[in-house]
Amino acid sequence: MTNGEEEPLSPMARVFQSPGIDLCAVTIMGFKTKINPDVVLDALKQNVSKHPRFSSILSDNGAKWIETEVNVEDHVIVPYIDPEEIGEGGQSFIDDYMSRLTMIPLDRSRPLWDIHILNVKTSDAEAVSFIRSHHSLGDGMSLISLMLACTHKTSDPDMFSNAIPPMKRRATMSHSLKTKGWFLRSIFTMGSTMRLLWNTTIDMLLLLATVLFLKDTKTPLKGGADVRNNPKRFYHRIISLDDIKLIKNAMNMTINDVLLGITQASLSHYLNRQYDKKKEEHGALTSYQNNLPDGIRFRVACTVNLRSDIGFKPLADMMVKDSKCRWGNYFSFIFLPFTIGLQTDPLVYLKMSKSMMARKKHSYHAALVYFIIKIVLKVFGAKAAAELFDRPVRNTTTCVSNVIGPMEEISFRGHPVSYIAPSSYGHSHAMLIHLMSYADKMIISLAYDPTVIPDPHKICDDMEESLKAMKASLCERGLL
């Protein structure tokens with residue numbers, strides 16, 4: 001865009017900045033050294049004008065981007081920190097600071113982003129930056145590509161950190177079947193097409209029911225109607241990516257399948273303890289191993305990248321018009337029915353997640369949701385599209401997002417990065433679960449409502465224990 005030129009927002013960007021939603025993405029980055037604010041300001045002054053989204057404001061009706069001059073100093077906040085205010089633990093100070101920001105909206109008279117530099121030591125970082133960017137600016141793929149364009153490999157400071165391998169969508173027909181005769185291939189194609197249409201029809205009927213009346217069971221993890229307006233807090237935990245890869249290879253599944261299996265197992269154990277507490281509060285004298293009620297409906301909204309090229313590309317390539325991996329909000333949701341229950345064999349959770357994802361991948365559910373929102377936006381306006389997006393979210397329990405990150409450690413202008421924890425706030429769930437790989441780590445990042453979930457660390461404890469139990473079970477069977 002040239003100076004003052006206007007550009008329309010994408011459909012999902014229009015939805016995210018609607019008054020009823022106003023979704024904000026956050027990136028929490030831990031650094032191994034103290035952060036020099038002057039270095040950050042200098043880097044932003046050189047690069048922010050190159051990115052139209054970060055140098056534009058919204059039009060009055062929220063339908064277009066208008067390029068503007070950016071005063072970088074307005075967007076970089078370095079608060080005065082009284083050492084006595086920090087006390088014994090720096091993490092609690094940072095948690096409180098970030099929570100307060102979730103109640104302060106971004107200034108719409110300026111580009112919708114800011115960076116907060118907190119030179120406070122925690123257990124896994126010497127300093128922390130808290131980056132807010134309105135979700136209308138771009139989705140996780142877009143923001144990670146921007147981060148990679150601004151950083152370098154720690155092992156080689158002269159090289160940019162585009163250390164993410166190219167990715168392709170898996171073929172629906174196996175290689176062995178492609179070598180068979182045309183008749184067998186035709187039978188397979190017909191059967192696959194019929195199954196695709198059937199799955200899509202069922203998914204869309206369930207989506208319609210969720211929009212109209214179908215709600216998840218009220219569990220200790222499900223928020224109420226006012227959860228969007230409550231302050232959110234953030235919590236992260238670092239686990240071993242190598243262990244996840246070992247399980248992935250042993251079970252012949254994807255990393256995403258493993259993460260969903262771990263999540264399903266951990267939420268089952270967490271809820272089991274919560275229901276045990278409820279029995280104690282009601283005067284029950286006997287503690288049962290399985291305290292879960294029967295028939296819990298527990299669905300998880302799972303983000304799906306809609307780009308035809310799902311791998312990361314250099315930022316310049318993403319900004320090109322009609323790029324197959326373009327910048328923006330090109331993703332949708334599918335709804336995963338979690339089976340909340342205790343399993344004697346931890347590998348059952350993995351098998352369930354693999355089967356569930358194989359079924360969901362063979363459906364046009366995600367693409368149709370995006371298409372329907374786009375049509376509703378054009379015909380009925382942003383308010384109706386936002387309600388269509390938000391209604392099924394309110395009627396489900398939580399959301400899970402998994403993003404691949406840099407394969408090697410990265411640095412920002414001489415500041416080595418210890419961890420990257422993406423998240424967001426402004427949503428209708430009491431908890432969001434973001435998962436991101438970084439070097440040999442997997443970062444679990446929770447955004448949660450403390451009035452609903454006062455102990456998020458226990459959920460992460462359960463995720464760690466579930467991972468250990470799955471690895472131990474595979475070792476016992478000689479599969480590792």
Side-chain angles (χ1 to χ4, degrees), residues 124 165 170 174 176 219 221 235-277 286-296 298 300 302 336-361 398 400-405 407 419 431 433-446 455-480:
D124 45 19
R170 294 191 173 190
S174 65
S176 59
T219 67
L221 286 172
Y235 183 86
H236 76 271
R237 181 74 60 86
I238 299 172
I239 60 176
S240 170
L241 178 60
D242 290 336
D243 286 348
I244 293 170
K245 288 180 177 179
L246 284 174
I247 295 172
K248 160 191 169 287
N249 294 331
M251 296 291 290
N252 188 28
M253 53 175 50
T254 66
I255 286 180
N256 194 55
D257 294 340
V258 177
L259 293 173
L260 287 172
I262 292 170
T263 303
Q264 190 168 203
S266 62
L267 296 182
S268 294
H269 288 95
Y270 178 83
L271 284 174
N272 186 59
R273 284 196 308 276
Q274 297 302 308
Y275 281 109
D276 186 36
K277 289 180 182 178
T286 306
S287 179
Y288 297 97
Q289 184 178 6
N290 189 344
N291 305 290
L292 295 167
D294 295 331
I296 293 179
F298 191 107
V300 175
C302 183
L336 306 177
F338 271 20
T339 301
I340 299 299
L342 300 184
Q343 304 292 338
T344 55
D345 181 1
L347 301 184
V348 171
Y349 294 109
L350 294 173
K351 294 173 182 177
M352 287 192 295
S353 68
K354 181 180 180 180
S355 174
M356 177 174 57
M357 287 308 298
R359 154 69 177 80
K360 289 294 182 178
K361 289 173 184 176
T398 188
V400 175
S401 176
N402 175 29
V403 179
I404 184 173
M407 295 177 64
Y419 67 85
M431 178 180 67
I433 303 173
H434 284 78
L435 302 149
M436 180 174 172
S437 60
Y438 173 53
D440 59 350
K441 309 169 184 174
M442 178 64 69
I443 294 96
I444 305 165
S445 179
L446 305 183
D455 49 2
H457 62 282
K458 292 185 178 180
I459 294 176
C460 290
D461 289 344
D462 286 329
M463 295 184 83
E464 280 197 278
E465 290 303 317
S466 296
L467 176 62
K468 291 177 181 177
M470 292 169 182
K471 184 179 176 183
S473 181
L474 288 170
C475 286
E476 289 174 3
R477 302 180 190 194
L479 298 176
L480 287 181

Seminar exercise, completed: side chain to side chain contact (heavy atoms under 4.5 Å, CB included) filter on K360, not counting sequence neighbours, yields D203, I334, L336, P337

Kindly list each side-chain donor-acceptor pair under 3.5 angstrom involving residues 439-446, sequence neighbours excluded, with atom names and distances?
residue : atom : partner : partner atom : Å
K441    : NZ   : S418    : O            : 2.7
S445    : OG   : P422    : O            : 2.9

Exercise. Is N272 reaching over with its side chain to a backbone N or O of Q289, donor-acceptor style, under 3.5 angstrom?
Worked result: yes

Exercise. Heavy atoms, side chains only, cut-off 4.5 Å: are M356 and R359 in contact?
Worked result: no

Exercise. Run the side-chain contact (heavy atoms from CB on, under 4.5 Å) check on M357 and L260 step by step: do they pass?
Worked result: CA-CA 9 Å; M357 287 308 298; L260 287 172; 3.4 Å; yes

For this session: For D243, enumerate each residue passing the side chain to side chain contact (heavy atoms under 4.5 Å, CB included) test, keeping only those at least two apart in sequence or located in another chain.
Result: S240, L246, L467, K471

Exercise. Quick one: ring pair (Phe, Tyr, Trp, His ring centres under 6.0 Å) pairs with a partner in residues 236-265, sequence neighbours left out?
Worked result: H236-Y419

Seminar exercise, completed: Applied to residues 339-353, the side chain to side chain donor-acceptor pair (under 3.5 Å) test, sequence neighbours excluded, yields D345-R477

Problem set entry | A469 backbone acceptor or donor facing S473 side chain under 3.5 Å | no

For this session: Could you check if a side-chain atom of T398 sits within less than 4.5 angstrom of a side-chain atom of L221, using non-hydrogen atoms only?
Result: no

Exercise. Side chains of Q264 and M352: does their closest heavy-atom pair fall under 4.5 Å?
Worked result: yes

Problem set entry | Close side-chain approach of T254 and K248, heavy atoms under 4.5 Å | no

For this session: Just jot down the side-chain hydrogen bond (donor to acceptor under 3.5 Å, both in side chains) partners of Y438, sequence neighbours excluded, or say none.
Result: none

Exercise. Can you list the residues that meet the side-chain hydrogen bond (donor to acceptor under 3.5 Å, both in side chains) rule with S466, with sequence neighbours excluded?
Worked result: none

For this session: Give the minimum heavy-atom separation between G341 and L292, together with the two atoms involved.
Result: CA-CD1, 3.6 Å

For this session: Give a yes or no on whether the backbone of H434 and the side-chain of S401 come within a donor-acceptor separation of less than 3.5 Å.
Result: no

Exercise. Can you check whether I459's main-chain N or O pairs, donor with acceptor, with D462's side chain at less than 3.5 Å?
Worked result: no

